[in-house]
Amino acid sequence: MKTVDLSVNIGKLKLNNPILLASGTVGYGNEISDFIDLNILGGIITKSISLKPRKGNKPQRIVETSSGMLNAIGLANVGLEEFINEKVPFLAKYNVPIICNIAASSIEEYVECVKVLNDEETIKAFEINVSCPNVKDGGLQFGNNLSMVGKITEQVRSATNKTIIMKLSPNVSYIAEFAKVCKENGADAVSAINTLVGTAFNINTRKPKLSNIFGGLSGPAIKPIALAKVLEIHRNVDIPIIGVGGIMNWQDVIEFMIAGASAIQIGTLNFIDPTASLSILKGLNDYCIERNIESISQLTGSYILE
Amino acid sequence: MKTVDLSVNIGKLKLNNPILLASGTVGYGNEISDFIDLNILGGIITKSISLKPRKGNKPQRIVETSSGMLNAIGLANVGLEEFINEKVPFLAKYNVPIICNIAASSIEEYVECVKVLNDEETIKAFEINVSCPNVKDGGLQFGNNLSMVGKITEQVRSATNKTIIMKLSPNVSYIAEFAKVCKENGADAVSAINTLVGTAFNINTRKPKLSNIFGGLSGPAIKPIALAKVLEIHRNVDIPIIGVGGIMNWQDVIEFMIAGASAIQIGTLNFIDPTASLSILKGLNDYCIERNIESISQLTGSYILE
Amino acid sequence: MLIINSPVVELSEIQKGIFLQKIKSPEIANGILPGQFLNIKVSEGFTPLLRRPFSICDVEDDNIFLMFNIYGEGTRILACKHIGDMINILGPLGKGYNFEDEFDIAVIIAGGLGAAPFPYLARKLKDRKEIISFIGGRSKSEVIRYNIPNSLVATEDGSDGFKGNVVQLFENEIRNYFNKSIKVFGCGPNGMLKALSDSVKKLSSEDYNIKCEISTESAMACGFGICQGCPIQDANNPEHYHLICKDGPVFNINDVVL
Amino acid sequence: MLIINSPVVELSEIQKGIFLQKIKSPEIANGILPGQFLNIKVSEGFTPLLRRPFSICDVEDDNIFLMFNIYGEGTRILACKHIGDMINILGPLGKGYNFEDEFDIAVIIAGGLGAAPFPYLARKLKDRKEIISFIGGRSKSEVIRYNIPNSLVATEDGSDGFKGNVVQLFENEIRNYFNKSIKVFGCGPNGMLKALSDSVKKLSSEDYNIKCEISTESAMACGFGICQGCPIQDANNPEHYHLICKDGPVFNINDVVL
Ligand SMILES: Cc1cc2nc3c(=O)[nH]c(=O)nc-3n(C[C@H](O)[C@H](O)[C@H](O)COP(=O)(O)OP(=O)(O)OC[C@H]3O[C@@H](n4cnc5c(N)ncnc54)[C@H](O)[C@@H]3O)c2cc1C
Ligand SMILES: Cc1cc2nc3c(=O)[nH]c(=O)nc-3n(C[C@H](O)[C@H](O)[C@H](O)COP(=O)(O)OP(=O)(O)OC[C@H]3O[C@@H](n4cnc5c(N)ncnc54)[C@H](O)[C@@H]3O)c2cc1C
Ligand SMILES: Cc1cc2nc3c(=O)[nH]c(=O)nc-3n(C[C@H](O)[C@H](O)[C@H](O)COP(=O)(O)O)c2cc1C
Ligand SMILES: Cc1cc2nc3c(=O)[nH]c(=O)nc-3n(C[C@H](O)[C@H](O)[C@H](O)COP(=O)(O)O)c2cc1C
Ligand code: FES
Ligand code: FES
């Protein structure tokens, strides 16, 4: 049997394959390791970490919608200290790149997190979450503000030599402008997209179903939007893109790569099938073999627009 | 049996009930009149009309997605002249408010359309489409540009005394800013939302499935997003809102009204069930009776946020 | 045009992978013509979201027949229906074949599942006209002969009948009918229709007395003219598209650009 | 924890609207404890998108039982499964009831479908402990007695047994057991659990020897701790939420804020 080179590069970060598990949909890796060998993955992106632990939003945090779900977790996380003491050692046992996602409500907090984590060998890259829409005191504002995103990128860049991935919000007019600003300020890559702002009401109580009122929409419902954002970035900015949003099978992965993604993230799908990466890897391999594609990275941005 | 007052007002426009059929999903009313009596509707919004006929995009124009569909019709329409000569006379036979949706690629074109149509008695209001995402030479730019939307509103306002509804794009950071600018420039109401920009690729040919590359996403997939936009506008701007996006049943209509909509539009659903308004009307009526709601307009913005 | 729930009364697999569904629907049966189609809601909820268009395959008393293969989600659901299950039908839709004009010989040309509309057309024609049919497929398993009379077969790989495409076969055979007036009814993949168009043009230029109507396909949302989702280029006016669902799906082959 | 496809071997409606599904799944049957739950993918595709959590209702040899009513889309699909259909199960999940600690009398308190976990718990307890059960519902039709031993019934409308809520009934009856050590196992709507919490506090303050574990519910996405979607307030630390799916669904009633 022929072999396919599934490895891809995100800037200087080399991944064995393009499959990353998305932040917030895999915790810190321990629960999902009951289902799959983490070493088969391209990488794992940990739940957004903030300087101090965050309790997160009151229940209800989850609402199912047509082919999607709203979440308003509120960035519940164990905080930097416990992350380093309790979570990193577990991840260190694996031979898989760990990307640490960071959420913060000030530029200083981002920088401090990066500085503290910079010495952790296990952590190969940072994904900077400027876009989480469900935290009242941060997320939305940063992610929708071009100059803020530029500043955060710049400051974080000067704090580390590790790979920096800026995770972009889709809740903007032109996402490519944001990708451009990230590139100009030294980011190695961008992730697109985080969730879209949505809500749902209980028509009996007239209350929002989520305690936070607004939540982030994820799942297959948003795939066409995520693909459009990836394509928009790819056509306008020369920066590696990590595609994320509604990926449910290997066909979706190929579609994202064709549209411009160098790697992809699996999010909501982890909740439904934590072993999905296994069958996706097989599907990617077979697709490439059938078409004589030697290296999957050739697919990135290989769209034909007439 | 008790009766419920289902009528609602959009500025000075009085509708017998809150159900409008959305622009582009009902043509000019003739085909759908084979299925339902148009007179039971709150109103009909005609397919976007431009000064000259538009051929529209090449096939393929439609792609189904998870709980949604992408369309890139390209504003195919018969043009102002044929609209007045062939389409309006048909609609004039009915006793239902006709709202004429206008698309244009310059402010002057908007104004000219409104001026020409202003004398048509059948037309009770204008819905100004500044947001159609699939026309390269117009749509996207206008709808995402705050000052442009302000100017269009102002100019159209000065050309007519009829009700003006500005149809807003969801592909922006803060839709409420746009609603505010519409209000300040004299619009009577806003419609929210038009479709979201999306795309899809054929993984065998690597070509976009739509000839236009990008299309507009509609259907139940976008409902949570549309609801969030309606709520955002309602909490920030005092202007009547017509809710649209993913409505599939009467429960969805109630949800939109609770979130702030004075009336709603049925779009994609018309393709699947052109008689849907009938069962929706019944559902609205029953909901109000069960809860002793005398007038459905009381529901508008009746959310309880703790 | 109406929307109606009608029960499945029989489901059979007429050959490997090709399903025939018999639905009792007097309302549709009485009003539909060959070449028209139905837009079917395959499930109760909104998954898949859109209806799926199917040609009317045949009509027998109060019953209608659909012929399909399992292509994707919608047809998979349809193939799993049990007897007694209700199917939500919107139709009859579009303009069918005109088979009442003047001609001596009816020629049916079907490629693959393009066979679907012809059992009904043949039923309508059979006591009144001579019928010659040409049925094509990539290989033997794709050739659908079901209730198409007097047929010759072409397969691309030669596993059944003539080796080559069905339009070639038609062109070879039709030379025997130079002095007859011929009406061709075509349905099949776009490639076949293009070849047919060229062939008909050529034959006409050679003074054959030949007319041709074809059934076309497109992605559709509504199926009845309100979404503008199904354009096909008008051959006579570059500024105009026909709508396949409303102006078609059957067109005179000279009226559209394939 | 594993993901497995297991066949439905029996489906019955044990009373109007209450379904019992027997699934042959030795892998799950051998590893699951009362009060744990399973996260079920009710359809093949992704509609509905998320799995649906169900308590383990009972275990018999290699078979497991689920008990449910038709609530929405997911349970409607589940109720329509035929014998032989495969169910995709993720589990066993969460922490179940601790029934091996010291106590004299096991008290089961179930409200409505809160009865679901108790056939299995009762099976595990039956030869070792005295069991008294209290079953509540709004009216007679909502009372689910299925395989819950030694039960007294309360209905809000008085149509069956004691008129009032099941916690009141429990409180009245338990007064007969002052000098016994009691362990209460509760499951039901949040209102019932709140009342139970108050009742247990009151009885404790009156020096009853009483412990209580309850099974809680929440919307869930993953069911195994990776989404953080199912918080419940820690009673001892205002800065901390437990996760119902992982730290629960069974909690000591004093450890959570209902
Ligand atoms: C007028 C007409 C008559 C038809 N008659 C028959 C028939 O008799 N028997 C039969 O088996 N099939 C027929 N088809 C094709 C049939 O509609 C498709 O096979 C069916 O929609 C597949 O649905 P699916 O859910 O199984 O596949 P999926 O791949 O899951 O869905 C098909 C999707 O592709 C889109 N689509 C459908 N056709 C096209 C196209 N030509 N180009 C691009 N996109 C498309 C649809 O909008 C749909 O969303 C006909 C089509 C038309 C337009
Ligand atoms: C640990 C646990 C054990 C359960 N055991 C059983 C059982 O044994 N038998 C039984 O009938 N039911 C049980 N349930 C409830 C069961 O999961 C729901 O009835 C089921 O999800 C309904 O799905 P549906 O698709 O029919 O309804 P739908 O209304 O279509 O969907 C239910 C939706 O509501 C959400 N949801 C589910 N529960 C809640 C909640 N408490 N609060 C807010 N939203 C919620 C879900 O995320 C889902 O998206 C249990 C729930 C949990 C958490
Ligand atoms: C429950 C949940 C929690 C999430 N938490 C985070 C987070 O902490 N940080 C972050 O950057 N993205 C977070 N995301 C967003 C995902 O990483 C991903 O961008 C998004 O869900 C879209 O991908 P999907 O459709 O494949 O889920 C979360 C998503 C979900 C559903
Ligand atoms: C096929 C199609 C054509 C449309 N054409 C127009 C149009 O011409 N003008 C316009 O303002 N909106 C147009 N829309 C947008 C709808 O009016 C509506 O805003 C959108 O579809 C969201 O509603 P829905 O999810 O209920 O369909 C179109 C939508 C569809 C699906
Ligand atoms: S399918 Fe809607 S117009 Fe033809
Ligand atoms: S349901 Fe996902 S953490 Fe509990």
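We name chains A, B, ... by the order of the sequence lines, and we start the count at 1 in each one.
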Flag the pair D/C227 / A/I62 as yes when at least one side-chain heavy-atom distance between them is below 4.5 Å, and no otherwise. yes
Out of curiosity, A/S33 OG to D/M1 CE, how far, rounded to the nearest 0.5 Å? 8.0 Å
Gap between atom CD of D/Q233 and atom NZ of A/K55 - 0.5 Å precision: 3.5 Å
Chain A: which of D/A221, D/G223, D/P48, D/S218 shares the most heavy-atom pairs with it under 4.5 Å? D/A221
Rounded to the nearest 0.5 Å, the CD1 atom of D/I226 sits from the CG atom of A/D34 at a distance of 11.0 Å
Steps toward side chain to side chain contact (heavy atoms under 4.5 Å, CB included) verdict (A/L269, D/F46): CA-CA 10 Å; A/L269 178 56; D/F46 293 106; 3.9 Å; yes
Do D/L90 and A/F35 make a side-chain contact, defined as non-hydrogen atoms from C-beta onward lying under 4.5 Å apart? yes
Rounded to the nearest 0.5 Å, what's the gap from CD1 on A/I73 to CD on D/Q228? Could you check? 7.0 Å
Using heavy-atom distances under 4.5 Å, tell me whether A/E31 contacts chain D through its side chain, its backbone, both, or neither. both
A/E81 atom CD, neighbour heavy-atom count above 12 within 6.0 Å: no
Exceeds 12 heavy-atom contacts within 6.0 angstrom, atom CZ of A/F90: yes
Side chain / backbone / both / neither for A/S66 at chain D, heavy atoms under 4.5 Å: neither
Considering only heavy atoms from C-beta outward, does the side chain of A/R61 approach that of D/M220 to under 4.5 Å? no
Tell me if the NZ atom of D/K81 is crowded by more than 12 foreign heavy atoms within 6.0 Å. yes
Is there a side-chain contact between D/C222 and A/N270, using heavy atoms and a 4.5 Å cut-off? no
For A/P59 and D/P231, the nearest pair of non-hydrogen atoms, with its separation, is CG-O, 3.8 Å
Any heavy-atom pair between the side chains of D/L49 and A/M248 that's under 4.5 Å? yes
Go through the steps for A/D273 and D/I3 under the test side chain to side chain contact (heavy atoms under 4.5 Å, CB included), then give the verdict. CA-CA 8 Å; A/D273 181 6; D/I3 301 179; 3.9 Å; yes
Could you please spell out the steps behind the salt bridge (Lys or Arg N to Asp or Glu O under 4.0 Å) verdict for A/E64 and D/R52? CA-CA 11 Å; A/E64 198 184 45; D/R52 298 290 189 261; 2.7 Å; yes
Are there over 12 heavy-atom neighbours, none belonging to D/R138, within less than 6.0 Å of that residue's CZ? no
Tell me whether A/N85 at atom CG has more than 12 heavy atoms from other residues, nucleotides or ligands lying less than 6.0 Å away. yes
Given D/G229, D/C230, D/A219, D/P238, the one with more heavy-atom pairs under 4.5 angstrom with chain A than any other is D/G229
